[in-house]
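Step one of this worksheet: look at the structure below.
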Amino acid sequence: MVGIAAVALVGQGLAADLRVILSAPELKGVVVSAHAVELNGGELFAFSPNRSLLPASTMKLFTAVFVLETLGAQYRPRTTAWRHRGTVYLQGGGDPGLTVEELLWLAQVLEVRPEEDALFDDSLFGKGRIGPGWDVEDLHRGYAAQVSPLTVNGGKATLMATAGKAWLEPRNFGVRIMGTIAAGAGEVNFARDPGSWTLRVWGRAPEGEVVRVGSISLPDPGLCAARIFHARAERALAFETPRTLISADSPGVRYPIGAVGEELVFIEPRTVSELLARVLQDSDNAYAETLLRLAAVHHQGNGEWSAAAKAMEGFARRIGIAGGELRVADGCGLSRQNRVSAKALTTLLRFAAARPYFETLLERMARPGVGTLKKRLDGVAVSAKTGTMSGVSTLAGIVTAADGRKVAFAVMMNGLSSTAAARRAQDAFVTRLSLGENSAARGRAVSGL
């Protein structure tokens with residue numbers, strides 16, 4: 001980073017310095033779209049700003065703003081359970097944070113019995129579980145977890161291993177593990193065929209040492225969640241909560257249905273605001289997709305991927321983003337069918353800056369020391385979203401300059417051979433923006449290199 005920053009900071013002005021950063025030799029051949037605007041002022045910098053590129057996880061900024069606009073920061077996704085005429089029911093309401101402990105709590109409060117019949121409904125979003133354009137080679141990994149309105153542990157589990165043994169945490173969720181982990185130096189590998197409940201493992205792990213191998217996707221998140229609630233739960237066609245059930249005002253309150261003593265219990269422990277921290281700071285794909293599709297259900301009654309994409313594109317048009325600058329395939333950026341321009345991102349951020357949820361958005365984004373920026377941009381007053389996939393690195397957010405101005409920026413880079421080089425350039429770009437036009441600050445920065 002020092003080399004690029006040193007060249008940039010001795011330029012003849014902000015725009016010239018930023019252009020030098022993006023013209024660094026180690027970025028030769030990289031396709032770039034970059035834009036920077038004051039939140040309450042004019043354009044500061046433009047470098048092919050309308051060019052639409054693969055956004056990777058900066059797509060989550062669009063999802064976050066659309067979700068806040070549609071659901072609101074304080075909306076709480078609800079998971080509902082009830083008993084009716086001798087059968088217990090579980091219905092997913094789009095909470096990606098649902099835990100094993102919460103599902104066990106629902107079963108305990110409802111006094112679910114093993115001999116009862118149990119049905120579950122995970123139909124709120126329609127049939128699609130795997131995003132358009134997701135690589136089949138990614139589907140066994142936790143970052144490509146299937147998307148369901150009823151899920152557990154974010155649709156994933158963590159594979160742990162030691163010599164002679166491998167297991168999943170917080171539990172195996174019905175997944176069988178086959179293979180041998182030998183003792184010795186090396187690494188542990190894993191794979192699961194699409195639709196299979198068998199996870200194959202192989203490789204080496206140090207004897208007596210527990211290794212966190214990685215995150216795996218669950219083969220059927222809805223079924224995995226329902227089987228925690230009731231071991232014999234079966235999927236049913238979409239069903240509605242019986243009209244005789246009385247809506248509760250707080251989690252855990254049970255209401256009788258007529259005189260037969262049947263009852264309802266629900267849980268809604270997380271707000272959209274809380275869930276967005278996982279989306280924007282940790283870049284959790286399942287959380288992003290679940291919230292996007294939940295917002296689409298509330299926006300137009302249809303949570304299928306195509307409907308969610310259409311809804312978000314329509315929202316973008318309404319806030320002034322040109323048709324060619326945004327193409328939505330999914331809400332997390334895992335699909336290579338997405339396209340976003342730098343100007344589309346700055347337009348989005350300027351729109352959000354005028355909305356009542358803007359501070360919530362900023363607080364939930366990554367920043368130096370927090371989330372995906374934990375080891376980047378130390379000392380810079382910036383809130384941003386990173387994006388990384390093979391050949392792609394992006395960064396977009398809000399930086400506060402030395403003169404107090406707040407600047408929306410986006411740097412999109414495709415065709416990379418080095419992610420490290422891209423991040424160095426992005427960090428230099430944001431650092432330079434943070435100095436504003438203060439020549440004294442620029443001089444101090446140069447002398448400190």
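All values below come from the heavy atoms of this structure, side chains included, with hydrogens, waters and symmetry mates left out.
- Of all the heavy atoms in A384 and F409, the pair that sits closest is CB-CZ, 4.1 Å.
- What you find for A288 and T63 is that their closest heavy atoms are O-CG2, 3.5 Å.
- Put simply, the side chain of I321 does not reach to within 4.5 Å of the side chain of F351, judged on heavy atoms.
- A distance of 10.0 Å separates OG1 in T58 from CG in L53, rounded to the nearest 0.5 Å.
- In this structure the side chain of V67 never reaches within 4.5 angstrom of the side chain of Y75, judged on heavy atoms.
- The two residues G72 and V272 make their nearest non-hydrogen contact at O-CB, 3.4 Å.
- Panel note: side chain R293, backbone F125; a donor-acceptor pair is recorded below 3.5 Å.
- The shortest heavy-atom contact between M412 and V340 is CE-O, 3.7 Å.
- Under the 3.5 Å distance criterion, the side-chain polar atoms of T99 are matched with a main-chain donor or acceptor of E102.
- The list of salt bridge (Lys or Arg N to Asp or Glu O under 4.0 Å) pairs with a residue in residues 126-141, not counting sequence neighbours, reads D122-R129.
- Judged by distance alone, with hydrogens and angles left aside, the side-chain atoms of Q300 form a donor-acceptor pair with the main-chain N or O of A307 at under 3.5 Å.
- Between the S33 side chain and the S341 main chain, no donor and acceptor come within less than 3.5 Å of each other.
- Annotation: salt bridge (Lys or Arg N to Asp or Glu O under 4.0 Å) contacts involving residues 332-353, sequence neighbours excluded, are absent.
- Residues satisfying the side chain to side chain donor-acceptor pair (under 3.5 Å) test with N50, not counting sequence neighbours, are E325.
- Among residues two or more places apart in sequence or in another chain, the side chain to side chain contact (heavy atoms under 4.5 Å, CB included) test is passed with S48 by R51.
- For R19, the side chain to side chain contact (heavy atoms under 4.5 Å, CB included) partners two or more places apart in sequence, or in a different chain, are S23, F45, F47.
- By the side chain to side chain donor-acceptor pair (under 3.5 Å) test, E69 pairs with R355, Y357, sequence neighbours left out.
- A donor-acceptor contact shorter than 3.5 Å links the side chain of R367 to the backbone of E363.
- A 4.5 Å side-chain heavy-atom check between F173 and R227 finds every atom pair outside the cut-off.
- Of the inter-residue distances, the one linking W167 atom CH2 with I181 atom CD1 reads 10.0 Å to the nearest 0.5 angstrom.
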_Candidate pair K385 and Q281, rule side chain to side chain contact (heavy atoms under 4.5 Å, CB included), full reasoning_ = CA-CA 7 Å; K385 181 71 198 78; Q281 292 178 12; over 6 Å; no

*Would you sort out whether L90 and T79 count as a side chain to side chain contact (heavy atoms under 4.5 Å, CB included), showing the intermediate values?*
CA-CA 8 Å; L90 178 66; T79 305; 4.0 Å; yes

*Report the C-alpha separation of L218 and V152 in whole Å, then their side-chain angles, then the decisive distance to 0.1 Å, and conclude whether the side chain to side chain contact (heavy atoms under 4.5 Å, CB included) test is met.*
CA-CA 9 Å; L218 299 180; V152 61; 4.0 Å; yes

List, one per line, each side-chain donor-acceptor pair under 3.5 Å for residues 154-165, sequence neighbours excluded.
{"from": "K156", "atom 1": "NZ", "to": "G154", "atom 2": "O", "distance (Å)": "3.0"}
{"from": "K156", "atom 1": "NZ", "to": "D284", "atom 2": "OD2", "distance (Å)": "3.1"}
{"from": "T162", "atom 1": "OG1", "to": "E209", "atom 2": "O", "distance (Å)": "2.9"}

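- When all heavy atoms of S52 and L326 are compared, the closest pair comes out as OG-N, 4.4 Å.
- Of the possible polar contacts, none joining the S196 side chain to the R192 backbone as a donor-acceptor pair under 3.5 Å is found.
- Under the 4.5 Å side-chain criterion, counting only non-hydrogen atoms from C-beta, L150 is not in contact with L223.
- Across L275 and G97, no two heavy atoms sit closer than the pair CD2-N, 4.2 Å.
- Without hydrogens or angle criteria, Q146 side chain to S217 main chain gives no donor-acceptor distance under 3.5 Å.
- Just one residue in the list L71, D95, L98 forms a side-chain contact (heavy atoms from CB on, under 4.5 Å) with P77, and that residue is D95.
- With D330 contributing its side chain and S335 its backbone, the two residues share a donor-acceptor pair below 3.5 Å.
- Distance check, rounded to the nearest 0.5 Å: CG of L22 to CG of D17 gives 11.0 Å.
- Residue V407 is tested with L39, V399, T346, V37 for a side-chain contact (heavy atoms from CB on, under 4.5 Å); the sole match is V399.
- By the side chain to side chain donor-acceptor pair (under 3.5 Å) test, E207 pairs with no residue at all, sequence neighbours left out.
- No close placement of the H299 and F315 rings is indicated, their centers lying 6.0 Å or farther apart.
- For the pair R78 (side chain) and E268 (backbone), a donor-acceptor distance under 3.5 Å is absent.
- For N414 (side chain) and V31 (main-chain N/O), no donor-acceptor pair under 3.5 Å exists by modelled atom type.
- Residues passing the side chain to side chain contact (heavy atoms under 4.5 Å, CB included) test with V30 are L27, V32, M413, L416, sequence neighbours excluded.
- Residue pairs that meet the salt bridge (Lys or Arg N to Asp or Glu O under 4.0 Å) test with at least one member in residues 172-191, sequence neighbours left out, do not exist here.
- Taken to the nearest 0.5 Å, the CD atom of E169 stands 10.5 Å off from the CG atom of N153.
- Take R423 and apply the side chain to side chain contact (heavy atoms under 4.5 Å, CB included) test, not counting sequence neighbours, and it matches R376, T388, S393, T419, Q426.
- Inter-residue side-chain proximity for V328 and F62 is flagged as unmet; no heavy-atom pair is nearer than 4.5 Å.
- Checked against side chain to side chain donor-acceptor pair (under 3.5 Å), S434 has no partners two or more places apart in sequence or in another chain.
- Atom CE of M59 is separated from atom CG of L292 by 9.5 Å, given to the nearest 0.5 angstrom.
- Here the CG atom belonging to D282 is positioned 11.5 Å from the CG atom belonging to L276, to the nearest 0.5 angstrom.
- Residues S57 and S283 have side chains that bring a donor and an acceptor to within less than 3.5 angstrom of each other.
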*Going through the checks in order, is the side chain to side chain contact (heavy atoms under 4.5 Å, CB included) test met by L199 and L168?*
CA-CA 10 Å; L199 182 72; L168 296 177; 4.2 Å; yes

